[in-house]
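Scroll down for the structure; my scribbles are underneath it.
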Amino acid sequence: MTVIGLDDTDSRSEGMCTTYLASRLAARIEAADGRVDRRLLIRLNPAVAHKTRGNAALALHTDLPAAEAVEFACEEIDTLAIGTDARTSPGFVVAPGDPTAIPDAVSDFARRALREQLDLSTAIGLADDAGYSHRGWAGEGCAVRGRGRIGALAAVGAWHAFDEWTTEHIAYREFDRCGTPRAVDETAVFDAAASAYPTVWDTVDRGAGETVCVPNAPGPILFGIRGDDSAAVERVAADIAAADTTEPVDCSATFLTNQGTDHHLTAGRIGALREGRSYRVDGVVSEPPETRRGGHVFFTLENPETAAAVACVAFEPTKRFRDHVRAFRVGDRLTVCGEHTDGTIKLEKFAVRSLVRTERVTPTCPDCGRRMKSAGRDQGYRCRDCSTVGKDKVPRQVERALEIGWYEVPPSARRHIAKPLVRGGFDAPSHRER
């Protein structure tokens with residue numbers, strides 16, 4: 001067996017897609033009478049600054065000899081990788097041997113790649129120590145050659161590192177259509193999505209009326225269907241492709257992936273959070289939500305044991321999720337999940353653990369029912385009509401728009417690796433988005 005890892009062949013501005021290159025490479029292997037047993041799509045740390053789009057790396061598990069795998073990978077990257085983007089830095093790693101027999105150091109590297117910022121020298125050192133072949137390229141103006149070897153090595157180690165997998169079926173356009181508007185039958189997408197939900201998820205955003213599975217970037221993907229079962233995602237994809245107004249599908253592939261798993265999150269503590277990592281953090285709202293320029297909603301979460309605090313934000317693209325955030329009150333106890341960058345947690349989901357149910361208000365007069373007025377500093381309250389005196393503010397029940405449990409961003413704003421509530425396994429009731 002041989003494992004081929006690939007990464008960073010695409011571009012934010014110019015398009016392409018490493019999944020497409022991997023699919024082309026798989027077709028090349030099969031045309032040479034080789035066998036591709038498994039295709040992996042691995043989402044890495046979403047906080048990496050130099051990522052292109054979804055920060056995905058790819059791996060192919062094949063019976064092709066390692067030397068031929070190196071040759072084929074070089075030729076496909078030379079042909080398809082974007083060479084005019086200074087952010088693009090392609091690389092591959094070829095590992096001879098069974099994917100379950102990967103060295104522990106490489107599988108540990110794969111786990112770290114989801115949660116940390118790793119450097120190229122570490123990846124090259126591990127690949128050399130393991131006896132793996134590797135090569136790197138650099139886009140025009142790129143200062144780092146072959147940075148994609150970081151993700152490629154992580155993809156090589158992924159099968160040994162992880163034990164939870166979902167699936168994605170990707171349909172590709174005819175290549176000469178890249179850069180033109182996509183034609184995908186929206187009615188067929190919504191109907192197919194409804195027929196397979198919840199096994200197939202994040203195909204559409206019903207609240208926004210958007211087809212989430214159809215990308216906007218100028219690459220070769222026509223649509224991608226995610227879910228927990230390969231047969232289900234392939235059936236949904238076939239229904240969409242069969243619609244009269246959907247453009248022709250040139251080729252397609254089904255990948256095993258770590259999407260929708262929350263594998264990027266680690267338990268964190270306010271006051272000890274590191275930059276460029278994603279956390280699950282407990283705290284108490286200490287400053288109320290504030291909507292700032294651009295529609296982003298900020299609030300402050302505090303560790304009640306240490307008084308350390310961290311800013312949290314729901315960005316404008318999360319749309320209706322921000323209404324849940326705006327409903328927070330000082331004293332609400334939460335668990336929040338998201339990337340910690342620039343001292344701020346970028347919210348992906350949160351759980352309400354307890355809610356403030358009362359507030360202290362000026363008392364009303366028991367005789368006339370009117371609101372009392374302040375009698376002066378530290379002198380309590382007095383009814384101006386009845387002269388009735390009240391000493392302190394009194395508690396009043398507050399209607400809350402939130403309930404105990406988990407809330408999530410809508411499908412249109414969800415990161416690939418973030419786990420949708422519909423997949424289950426959460427420790428409180430789930431208020432799901434569809």
Side-chain angles (χ1 to χ4, degrees), residues 1-9 18-19 21-45 56-78 81 90-116 118-137 146-168 230 253-259 261 263:
M1 291 292 292
T2 300
V3 183
I4 307 170
L6 306 161
D7 193 19
D8 209 7
T9 63
T18 306
T19 71
L21 190 145
S23 296
R24 282 280 300 266
L25 178 57
R28 175 84 178 275
I29 291 169
E30 291 168 346
D33 295 326
R35 187 180 73 249
V36 176
D37 292 336
R38 196 175 292 118
R39 308 172 193 221
L40 303 184
L41 193 171
I42 308 301
R43 297 292 176 181
L44 305 176
N45 184 352
L58 280 294
L60 300 177
H61 297 173
T62 176
D63 66 347
L64 195 73
E68 287 187 66
V70 169
E71 177 187 349
F72 287 6
C74 284
E75 291 176 359
E76 292 300 326
I77 292 176
D78 280 333
F92 75 76
V93 175
V94 172
D98 192 280
T100 61
I102 295 296
D104 289 343
V106 176
S107 58
D108 180 63
F109 183 88
R111 285 186 286 269
R112 291 172 57 202
L114 265 72
R115 299 169 176 173
E116 302 177 23
L118 303 176
D119 58 68
L120 179 57
S121 61
T122 300
I124 290 175
L126 284 173
D128 287 342
D129 289 345
Y132 298 163
S133 299
H134 57 86
R135 181 177 166 186
W137 288 254
R147 186 167 49 211
R149 283 174 284 186
I150 299 172
L153 184 66
V156 166
W159 190 247
H160 191 211
F162 307 119
D163 56 9
E164 181 183 5
W165 299 94
T166 61
T167 61
E168 178 165 3
S230 59
T254 300
F255 297 86
L256 290 172
T257 174
N258 62 344
Q259 292 172 166
T261 62
H263 281 170

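If you read the sequence from its start, that first residue is 1, and numbering goes on from there.
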With a 4.5 Å cut-off on side-chain heavy atoms, are His160 and Asp104 touching? yes

Stepwise side-chain contact (heavy atoms from CB on, under 4.5 Å) test for Asp37 and Asp63: CA-CA 8 Å; Asp37 292 336; Asp63 66 347; 5.6 Å; no

task = Could you check if a side-chain atom of Leu118 sits within less than 4.5 angstrom of a side-chain atom of Leu153, using non-hydrogen atoms only?
result = no

Open item on the list: Leu44 vs Ile150, test: side-chain contact (heavy atoms from CB on, under 4.5 Å). Steps then yes/no.
Closed with: CA-CA 10 Å; Leu44 305 176; Ile150 299 172; 5.9 Å; no

Distance col, row Phe72:CZ vs Thr2:OG1, nearest 0.5 angstrom, shows 11.5 Å

Main-chain N/O of Ala57 paired to Thr18 side chain as donor or acceptor, under 3.5 Å: no

d(Glu164 CD, Thr257 OG1) to nearest 0.5 Å is 10.5 Å

Carefully, step by step, assess Thr166 and Asn258 under the rule side-chain contact (heavy atoms from CB on, under 4.5 Å).
CA-CA 6 Å; Thr166 61; Asn258 62 344; over 6 Å; no

Looking only at heavy atoms, the pair that brings Val156 and Ala95 closest together is CG1-CB, 3.7 Å

Taken to the nearest 0.5 Å, the spacing of Arg135 CZ from Asp78 CG works out to 5.5 Å

Check your understanding: Do Arg149 and Leu120 have side-chain heavy atoms sitting under 4.5 Å apart?
Key -> yes

Next on the checklist: Checking Trp137 against Asp8: is there a side-chain donor and acceptor pair closer than 3.5 Å?
Outcome noted: no

Quick check: do Leu6 and Ile77 have side-chain heavy atoms less than 4.5 Å from each other?
yes

Residues Ala110 and Ala158: closest non-hydrogen pair is CB-N, 4.0 Å

(request) Check the pair Leu40 / His61 against side-chain contact (heavy atoms from CB on, under 4.5 Å), numbers first and verdict last. (result) CA-CA 8 Å; Leu40 303 184; His61 297 173; 3.7 Å; yes

**Message:** Would the distance check show the side chain of Thr62 and the main-chain N or O of Arg35 forming a donor-acceptor pair, the cut-off being under 3.5 Å?
**Reply:** yes

message = For Asp33, is the CG atom crowded, meaning more than 12 foreign heavy atoms sit under 6.0 Å from it?
response = no

Heavy atoms of Pro103 and Ala130 approach each other most closely as CG-CB, 4.3 Å

Val94 and Ala69 have their tightest heavy-atom pair at CG1-CB, 4.0 Å

One should read off an interatomic distance between Leu25 CG and Glu30 CD, to the nearest 0.5 angstrom, of 10.0 Å

- So, do Ile102 and Tyr132 sit near enough that their side-chain heavy atoms are less than 4.5 Å apart? yes

A side-chain contact here means heavy atoms from C-beta on lying under 4.5 Å apart; do Leu41 and Leu58 qualify?
yes

d(Trp165 CH2, Arg38 CZ) to nearest 0.5 Å is 9.0 Å

Residues His134 and Asp128: closest non-hydrogen pair is NE2-OD1, 2.8 Å

Rounded to the nearest 0.5 angstrom, the OG-CZ distance for Ser107 and Phe162 is 9.0 Å

